[in-house]
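Nothing fancy with the numbering, it's 1 onward along the sequence. Please read these numbers as outputs of a predicted model, since none were measured by experiment. Every heavy atom of this structure was used, including side-chain atoms; hydrogens, water molecules and symmetry mates were not.
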Amino acid sequence: MTFHELHTLLDYHYWARDRMLTAIESLPHDQLTTDRGNSFPSIYDTLVHLYGAEWIWYSRWNGTSPTELPKSDAFPDLDSLRRSWSDMERQTREFVASLGEDGIQRPIAYTGPGGKHQAQIFWQMFQHLVNHGSYHRGQITTMLRQIKKEPPKSLDLIAFYRERAAANL
(Lines give C-alpha, C1' and ligand atoms only; values in the text may rest on other atoms or scores of the structure.)
Protein backbone atom coordinates (compact mmCIF):
# COMPACT_ATOMS: atom_id res chain seq x y z
CA MET A 1 0.00 0.00 0.00
CA THR A 2 1.25 3.47 -0.78
CA PHE A 3 1.03 6.53 1.41
CA HIS A 4 -1.43 8.07 -1.07
CA GLU A 5 -3.66 4.97 -1.01
CA LEU A 6 -3.62 4.96 2.78
CA HIS A 7 -4.66 8.63 2.83
CA THR A 8 -7.50 7.82 0.47
CA LEU A 9 -8.72 5.12 2.88
CA LEU A 10 -8.36 7.58 5.75
CA ASP A 11 -10.54 10.08 3.90
CA TYR A 12 -13.08 7.37 3.05
CA HIS A 13 -13.22 6.18 6.67
CA TYR A 14 -14.22 9.61 7.99
CA TRP A 15 -16.49 10.38 5.02
CA ALA A 16 -18.46 7.19 5.78
CA ARG A 17 -18.49 7.93 9.52
CA ASP A 18 -19.89 11.40 8.88
CA ARG A 19 -22.59 10.07 6.57
CA MET A 20 -23.60 7.58 9.25
CA LEU A 21 -23.69 10.20 11.99
CA THR A 22 -25.78 12.50 9.81
CA ALA A 23 -28.29 9.69 9.22
CA ILE A 24 -28.80 9.07 12.92
CA GLU A 25 -28.45 12.53 14.45
CA SER A 26 -32.20 13.18 14.52
CA LEU A 27 -33.13 9.86 16.14
CA PRO A 28 -34.70 10.13 19.58
CA HIS A 29 -32.58 8.81 22.44
CA ASP A 30 -34.71 5.70 22.90
CA GLN A 31 -34.30 4.69 19.24
CA LEU A 32 -30.54 5.10 19.54
CA THR A 33 -30.27 3.05 22.73
CA THR A 34 -32.90 0.28 22.37
CA ASP A 35 -31.41 -3.21 22.34
CA ARG A 36 -31.83 -4.60 18.82
CA GLY A 37 -30.08 -7.93 19.41
CA ASN A 38 -27.05 -7.14 17.27
CA SER A 39 -23.31 -7.66 17.86
CA PHE A 40 -23.59 -4.61 20.10
CA PRO A 41 -27.06 -4.13 21.54
CA SER A 42 -28.02 -0.74 20.14
CA ILE A 43 -27.19 1.72 17.40
CA TYR A 44 -25.47 3.85 20.03
CA ASP A 45 -23.48 0.94 21.47
CA THR A 46 -22.31 0.09 17.96
CA LEU A 47 -21.20 3.68 17.36
CA VAL A 48 -19.29 3.72 20.65
CA HIS A 49 -17.66 0.43 19.67
CA LEU A 50 -16.54 1.97 16.36
CA TYR A 51 -15.07 4.95 18.15
CA GLY A 52 -13.49 2.70 20.78
CA ALA A 53 -11.87 0.46 18.19
CA GLU A 54 -10.30 3.49 16.59
CA TRP A 55 -9.15 4.75 19.99
CA ILE A 56 -7.59 1.43 20.93
CA TRP A 57 -5.70 1.14 17.63
CA TYR A 58 -4.49 4.73 17.93
CA SER A 59 -3.33 3.98 21.47
CA ARG A 60 -1.45 0.89 20.27
CA TRP A 61 0.23 2.89 17.51
CA ASN A 62 1.44 5.28 20.19
CA GLY A 63 2.89 2.67 22.51
CA THR A 64 0.08 1.84 24.94
CA SER A 65 -2.21 -1.17 24.84
CA PRO A 66 -5.51 -0.53 26.61
CA THR A 67 -7.20 -3.63 27.93
CA GLU A 68 -10.79 -2.39 27.50
CA LEU A 69 -12.81 -0.38 25.05
CA PRO A 70 -14.72 2.68 26.29
CA LYS A 71 -18.23 1.95 27.55
CA SER A 72 -21.28 3.67 26.10
CA ASP A 73 -21.93 5.55 29.32
CA ALA A 74 -18.60 7.37 28.86
CA PHE A 75 -20.49 9.50 26.33
CA PRO A 76 -23.70 11.00 27.70
CA ASP A 77 -25.04 11.84 24.24
CA LEU A 78 -24.30 11.71 20.54
CA ASP A 79 -22.75 15.18 20.57
CA SER A 80 -20.14 14.17 23.16
CA LEU A 81 -19.30 11.07 21.14
CA ARG A 82 -19.04 13.15 17.95
CA ARG A 83 -16.68 15.64 19.65
CA SER A 84 -14.43 12.86 20.94
CA TRP A 85 -14.43 11.20 17.54
CA SER A 86 -13.57 14.46 15.78
CA ASP A 87 -10.63 14.87 18.14
CA MET A 88 -9.59 11.26 17.43
CA GLU A 89 -9.79 12.00 13.71
CA ARG A 90 -7.46 14.97 14.09
CA GLN A 91 -4.99 12.91 16.11
CA THR A 92 -5.15 10.01 13.67
CA ARG A 93 -4.58 12.26 10.66
CA GLU A 94 -1.60 13.87 12.40
CA PHE A 95 -0.17 10.48 13.29
CA VAL A 96 -0.54 9.11 9.76
CA ALA A 97 1.02 12.28 8.30
CA SER A 98 3.97 11.90 10.69
CA LEU A 99 4.68 8.35 9.48
CA GLY A 100 5.44 9.21 5.89
CA GLU A 101 5.75 6.69 3.06
CA ASP A 102 8.32 4.52 4.84
CA GLY A 103 6.59 4.64 8.22
CA ILE A 104 3.39 3.00 7.04
CA GLN A 105 5.48 -0.07 6.11
CA ARG A 106 6.94 -0.62 9.58
CA PRO A 107 5.56 -3.09 12.09
CA ILE A 108 4.18 -1.79 15.35
CA ALA A 109 4.29 -4.02 18.43
CA TYR A 110 1.44 -4.04 20.93
CA THR A 111 -0.27 -6.23 23.46
CA GLY A 112 -3.55 -7.64 22.21
CA PRO A 113 -6.46 -9.33 23.92
CA GLY A 114 -5.46 -11.77 26.62
CA GLY A 115 -2.01 -10.21 26.97
CA LYS A 116 -0.73 -11.67 23.70
CA HIS A 117 2.25 -9.75 22.30
CA GLN A 118 1.79 -9.02 18.62
CA ALA A 119 3.28 -6.91 15.85
CA GLN A 120 1.69 -5.89 12.59
CA ILE A 121 2.62 -3.62 9.71
CA PHE A 122 0.93 -0.26 10.24
CA TRP A 123 -0.90 -0.11 6.91
CA GLN A 124 -2.39 -3.55 7.59
CA MET A 125 -3.70 -2.40 10.97
CA PHE A 126 -5.15 0.71 9.40
CA GLN A 127 -6.75 -1.21 6.55
CA HIS A 128 -8.32 -3.49 9.17
CA LEU A 129 -9.68 -0.45 11.04
CA VAL A 130 -11.38 0.82 7.87
CA ASN A 131 -12.79 -2.61 7.06
CA HIS A 132 -14.01 -3.04 10.64
CA GLY A 133 -15.80 0.30 10.37
CA SER A 134 -17.51 -0.77 7.15
CA TYR A 135 -18.77 -3.94 8.79
CA HIS A 136 -20.34 -2.20 11.76
CA ARG A 137 -21.74 0.70 9.70
CA GLY A 138 -23.55 -1.99 7.72
CA GLN A 139 -25.04 -3.30 10.95
CA ILE A 140 -26.23 0.19 11.87
CA THR A 141 -27.79 0.54 8.43
CA THR A 142 -29.71 -2.69 9.03
CA MET A 143 -30.87 -1.51 12.47
CA LEU A 144 -32.13 1.74 10.92
CA ARG A 145 -34.10 -0.21 8.33
CA GLN A 146 -35.56 -2.42 11.07
CA ILE A 147 -37.03 0.65 12.78
CA LYS A 148 -38.24 2.09 9.44
CA LYS A 149 -35.76 4.97 9.47
CA GLU A 150 -33.92 6.26 6.45
CA PRO A 151 -30.45 4.72 6.21
CA PRO A 152 -27.50 6.90 5.29
CA LYS A 153 -26.68 7.68 1.69
CA SER A 154 -24.53 4.94 0.20
CA LEU A 155 -21.46 4.20 2.30
CA ASP A 156 -19.84 2.14 -0.42
CA LEU A 157 -16.24 2.87 -1.26
CA ILE A 158 -17.21 3.28 -4.92
CA ALA A 159 -19.72 5.99 -3.92
CA PHE A 160 -16.87 7.80 -2.16
CA TYR A 161 -14.67 7.53 -5.27
CA ARG A 162 -17.49 8.78 -7.51
CA GLU A 163 -18.30 11.71 -5.22
CA ARG A 164 -14.64 12.67 -5.03
CA ALA A 165 -14.26 12.45 -8.82
CA ALA A 166 -17.37 14.58 -9.40
CA ALA A 167 -16.02 17.23 -7.00
CA ASN A 168 -12.78 17.39 -8.98
CA LEU A 169 -14.41 18.01 -12.37
Distance in Å, Gln105 CD paired with Thr2 OG1, rounded so as to fall on 0.5 Å steps
9.0 Å

Do Leu9 and Leu129 have side chains that approach each other closer than 4.5 Å (heavy atoms only, starting at C-beta)?
no

Just jot down the side chain to side chain donor-acceptor pair (under 3.5 Å) partners of His7, sequence neighbours excluded, or say none.
none

Side chains of Leu21 and Leu47: does their closest heavy-atom pair fall under 4.5 Å?
yes

Tell me, with the steps shown, if Phe122 and Phe95 meet ring-ring contact (aromatic ring centres under 6.0 Å, His included).
CA-CA 11 Å; Phe122 174 80; Phe95 179 79; 5.8 Å; yes

Give me each pair satisfying salt bridge (charged side-chain N to carboxylate O under 4.0 Å, His left out) with a member in residues 19-35, each pair once, sequence neighbours excluded.
Arg19-Glu163, Glu25-Arg82

Check for a donor-acceptor pair, side chain of Ser80 on one end and backbone N or O of Asp77 on the other, with a separation under 3.5 Å.
yes

I need the Tyr44 OH to Leu27 CG distance, nearest 0.5 Å.
12.5 Å

Determine, for Asp11 against Arg93, whether the closest basic-nitrogen to carboxylate-oxygen distance falls under 4.0 angstrom.
yes

To the nearest 0.5 Å, what is the distance between CZ on Arg17 and OG on Ser86?
5.0 Å

In Å, rounded to the nearest 0.5 Å, how long is the span from CD1 of Ile24 to CD of Gln31?
11.0 Å

Using side chain to side chain donor-acceptor pair (under 3.5 Å) as the criterion, list what pairs up with Thr92, not counting sequence neighbours.
none

Should Ile140 and Leu50 count as side-chain neighbours, where that means a heavy-atom distance under 4.5 Å?
yes

Thr34 side chain near Ile147 side chain, heavy-atom distance below 4.5 Å
no

Residues at least two apart in sequence or cross-chain that pass side chain to side chain donor-acceptor pair (under 3.5 Å) with Glu54, listed by chain then number, are His13, Tyr14, Trp85

Distance col, row Arg137:CZ vs Leu155:CG, nearest 0.5 angstrom, shows 6.5 Å

Would a line drawn from the ring center of His128 to the ring center of Trp57 be shorter than 6.0 Å?
yes

Return the set of residues passing salt bridge (charged side-chain N to carboxylate O under 4.0 Å, His left out) with Lys71 (not counting sequence neighbours), or none when no residue passes.
Glu68

Counting only N and O atoms by type, is there a donor-acceptor contact under 3.5 Å from the side chain of Asn168 to the main-chain atoms of Arg164?
yes

Using the salt bridge (charged side-chain N to carboxylate O under 4.0 Å, His left out) criterion, which residues pair with Arg36? Sequence neighbours excluded.
none

How far does CE of Met125 sit from CD of Gln118, to the nearest 0.5 angstrom?
9.5 Å

Main chain of Arg60, side chain of Thr64: is a donor-acceptor contact present, judged purely on distance under 3.5 Å?
no

Any donor-acceptor pair under 3.5 Å linking the side-chain atoms of Asn131 with those of Gln127?
no

